[in-house]
Amino acid sequence: MDAAMRELSYAQAIQEAMAIAMDMDERVFLMGEDIGVYGGAFQVTGDLVERYGTDRVIDTPISELGGAGVAVGAAVTGMRPIFEFQFSDFATLGMEQIVNQAAKMRFMLGGEVSVPVVMRFPAGSGTGAAAQHSQSLEAWLGHVPGLKVIQPATPHDAKGMLLAAVADPDPVMIFEHKLLYKMKGHVPEGHYIVPIGKAEIRREGRDLTIVATSIMVQKALDAAAALEGEGIDIEVVDLRTIRPLDRQTVIDSVKKTSRLLCVYEGVKTLGIGAEVSALVAESEAFDYLDAPIVRLGGAETPIPYNPDLEKATVPQVPDIIAAARDLVKGVR
């Protein structure tokens with residue numbers, strides 16, 4: 001029988017996943033700045049410190065490099081830490097441990113050691129936090145062999161992918177868009193897994209494939225709904241995992257629709273859309289294209305404070321509608 005479904009927010013789904021993981025395995029513990037009594041900068045950990053105590057919900061000093069190092073070291077010794085960076089931007093301070101240690105140990109030690117660490121990154125713009133607290137850096141970490149990088153776009157996936165990450169023997173980086181924390185959706189009770197490395201078709205269509213990530217999935221769905229009234233039928237692929245990419249789902253979709261639009265919040269240059277475009281160009285799907293591949297990414301600028309300028313630096317629904325319409329127009 002299917003598990004009972006409830007409506008939870010994205011943040012509640014993550015908190016529930018962490019609680020389930022801690023109940024199932026005493027090796028699982030949480031680390032991060034202000035995640036204890038304060039409940040986390042975005043209140044995701046909530047009251048977990050009251051439920052599990054300060055030995056398993058650990059407030060760390062303001063040292064991302066130190067905290068990441070402790071998490072990696074604990075993972076190597078057999079623990080299963082979940083380490084929260086208060087903002088994804090602060091990954092810059094922990095890159096030595098993430099890129100040179102966590103990602104490399106299995107390789108450098110001949111496969112004899114695993115590093116089952118999960119790192120959570122509240123990411124993205126939309127909160128007025130400006131240039132140093134609003135970046136989308138998933139492409140940075142997606143460039144590193146040895147890491148798995150995921151971007152859940154729904155409460156259902158936020159829970160299931162976090163549980164998959166905790167069970168994974170390798171380091172998993174989870175980028176959680178801050179504007180998604182209040183998004184609500186149906187989430188099953190109990191334990192379940194959403195597999196890492198598998199994309200999801202959120203909407204089937206025949207005229208254009210939009211490959212989107214994170215919060216852009218919902219924006220793409222909104223754009224698709226609006227364009228349906230114009231007779232434009234859009235397929236929306238939620239990539240879900242940045243590394244390893246689900247190549248086949250993307251290729252099969254493009255072969256069906258013959259057009260591709262990549263939508264992502266990170267800066268357009270060298271972003272996720274560039275990799276998706278390349279994999280299509282290098283595959284059999286290239287021969288099916290009826291129009292050039294289009295990338296719709298973030299502007300080539302730091303995120304500004306001003307809310308209107310902030311919105312202008314990342315793709316919005318009207319931008320997706322315009323790009324999709326231009327791709328389909330004249331070749332339908």
Side-chain angles (χ1 to χ4, degrees), residues 85 87-92 95 98-99 103 121-126 130-145 147-153 173-180 197 199 202 208-220 223 236-247 249-251 253-254 259-283 285-286 289 291-304 309-317 319-320 322-324 326-327:
F85 284 84
F87 290 85
S88 67
D89 314 65
F90 301 167
T92 55
M95 291 294 269
I98 298 169
V99 174
F121 301 89
S125 65
Q132 296 170 332
H133 297 75
S134 304
Q135 297 171 85
S136 298
L137 301 179
E138 60 280 347
W140 280 26
L141 299 188
H143 186 70
V144 181
L147 301 179
K148 295 175 181 176
V149 183
I150 63 178
Q151 283 188 291
M173 314 287 109
I174 306 178
F175 284 82
E176 305 159 2
H177 199 288
K178 299 190 292 286
L179 292 184
L180 289 177
R202 299 292 179 189
L208 166 68
T209 295
I210 296 180
V211 173
T213 57
S214 190
I215 197 168
M216 292 300 159
V217 173
Q218 186 57 55
K219 292 184 179 182
V236 177
V237 178
D238 177 358
L239 207 54
R240 298 204 293 195
T241 302
I242 302 307
R243 187 181 188 105
L245 278 173
D246 182 353
R247 296 171 52 87
T249 296
V250 173
I251 289 168
S253 179
V254 173
R259 301 173 188 87
L260 173 62
L261 172 63
C262 302
V263 183
Y264 52 105
E265 182 166 327
V267 174
K268 178 181 177 180
T269 300
L270 299 176
I272 300 305
E275 181 63 27
V276 173
S277 300
L279 82 83
V280 169
E282 293 171 350
S283 76
F286 179 77
L289 289 172
I293 298 170
V294 173
R295 290 176 293 150
L296 188 60
E300 307 290 325
T301 179
I303 302 293
L309 293 177
E310 181 181 31
K311 286 184 68 176
T313 60
V314 299
Q316 304 297 335
V317 173
D319 304 314
I320 301 171
D326 287 346
L327 256 175

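Small disclaimer: the values here were computed from a predicted structure and weren't measured. Along the sequence shown, residues carry numbers from 1. What you see below is based on every heavy atom in this structure, not just the backbone, and it leaves out hydrogens, waters and symmetry mates.
Across all their heavy atoms, Thr241 and Val149 have their closest contact at CG2-O, 3.5 Å. Scanning both residues, Leu208 and Leu260, for their nearest heavy atoms gives CD1-N, 3.8 Å. The heavy-atom pair separating Gly142 from Ile242 by the smallest distance is CA-CG2, 4.4 Å. The shortest non-hydrogen separation linking Ser88 to Leu137 is O-CD1, 3.9 Å. The heavy-atom pair separating Ala91 from Ile98 by the smallest distance is O-CD1, 4.3 Å. Between Ser136 and Gly124 the shortest heavy-atom distance is OG-CA, 3.8 Å.
A 4.5 Å side-chain heavy-atom check between Leu141 and Phe121 finds at least one atom pair inside the cut-off. In this structure, the side chains of Lys219 and Pro315 stay at 4.5 Å or more apart for every pair of heavy atoms. With contacts defined as side-chain heavy-atom distances shorter than 4.5 Å, the pair Asp326/Val294 does not qualify.
Judged purely by atom type and a 3.5 angstrom limit, Asp319 uses its side chain to pair as donor or acceptor with the backbone of Gln316. For the pair Glu310 (side chain) and Gly126 (backbone), a donor-acceptor distance under 3.5 Å is present. Ser134 contributes a side-chain N or O that, together with a main-chain N or O of Ala130, makes up a donor-acceptor pair within less than 3.5 Å.
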When you look at Ile150 and Arg240, which way does the side chain to side chain contact (heavy atoms under 4.5 Å, CB included) test go after all the steps? CA-CA 6 Å; Ile150 63 178; Arg240 298 204 293 195; over 6 Å; no
Pair Ile320, Leu261 - check side chain to side chain contact (heavy atoms under 4.5 Å, CB included), show working. CA-CA 9 Å; Ile320 301 171; Leu261 172 63; 4.3 Å; yes
Evaluate the side chain to side chain contact (heavy atoms under 4.5 Å, CB included) criterion for residues Trp140 and Val99: first the C-alpha distance (whole Å), next the side-chain angles of each, then the deciding distance (0.1 Å), finally the verdict. CA-CA 10 Å; Trp140 280 26; Val99 174; over 6 Å; no
Side chain to side chain contact (heavy atoms under 4.5 Å, CB included), that's the test. Do Arg295 and Tyr264 meet it? Break it down for me. CA-CA 8 Å; Arg295 290 176 293 150; Tyr264 52 105; 3.8 Å; yes
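Separation of atoms CD (Glu265) and CD (Gln135) is listed at 11.0 Å; rounding is to 0.5 Å. Atom OG1 of residue Thr269 and atom CD of residue Glu300 lie 3.5 Å apart, to the nearest 0.5 angstrom. For the atom pair CD (Glu282) and CZ (Arg247), the distance works out to 7.0 Å, reported to the nearest 0.5 Å. Distance NE2/His177 to CE/Met216: 6.5 Å, rounded to 0.5 Å. In this structure, CG in Leu179 is found 6.5 Å from OG in Ser125, a value given to the nearest 0.5 Å. Here the straight-line distance linking atom CD1 of Ile251 with atom OG1 of Thr209 works out to 11.5 Å at 0.5 Å rounding.
Ring pair His133/Phe90 is perpendicular by interplanar angle, where above 60° counts as perpendicular and below 30° as parallel.
A donor-acceptor pair shorter than 3.5 Å cannot be found between the side chains of Gln132 and Asp89.
By the 6.0 Å contact criterion, CG on Leu309 is enclosed, its count of non-hydrogen atoms from other residues, nucleotides or ligands being greater than 12.
Between Ser214 and the options Leu239, Ile272, Val263, Leu180, a side chain to side chain contact (heavy atoms under 4.5 Å, CB included) holds for only Leu180.
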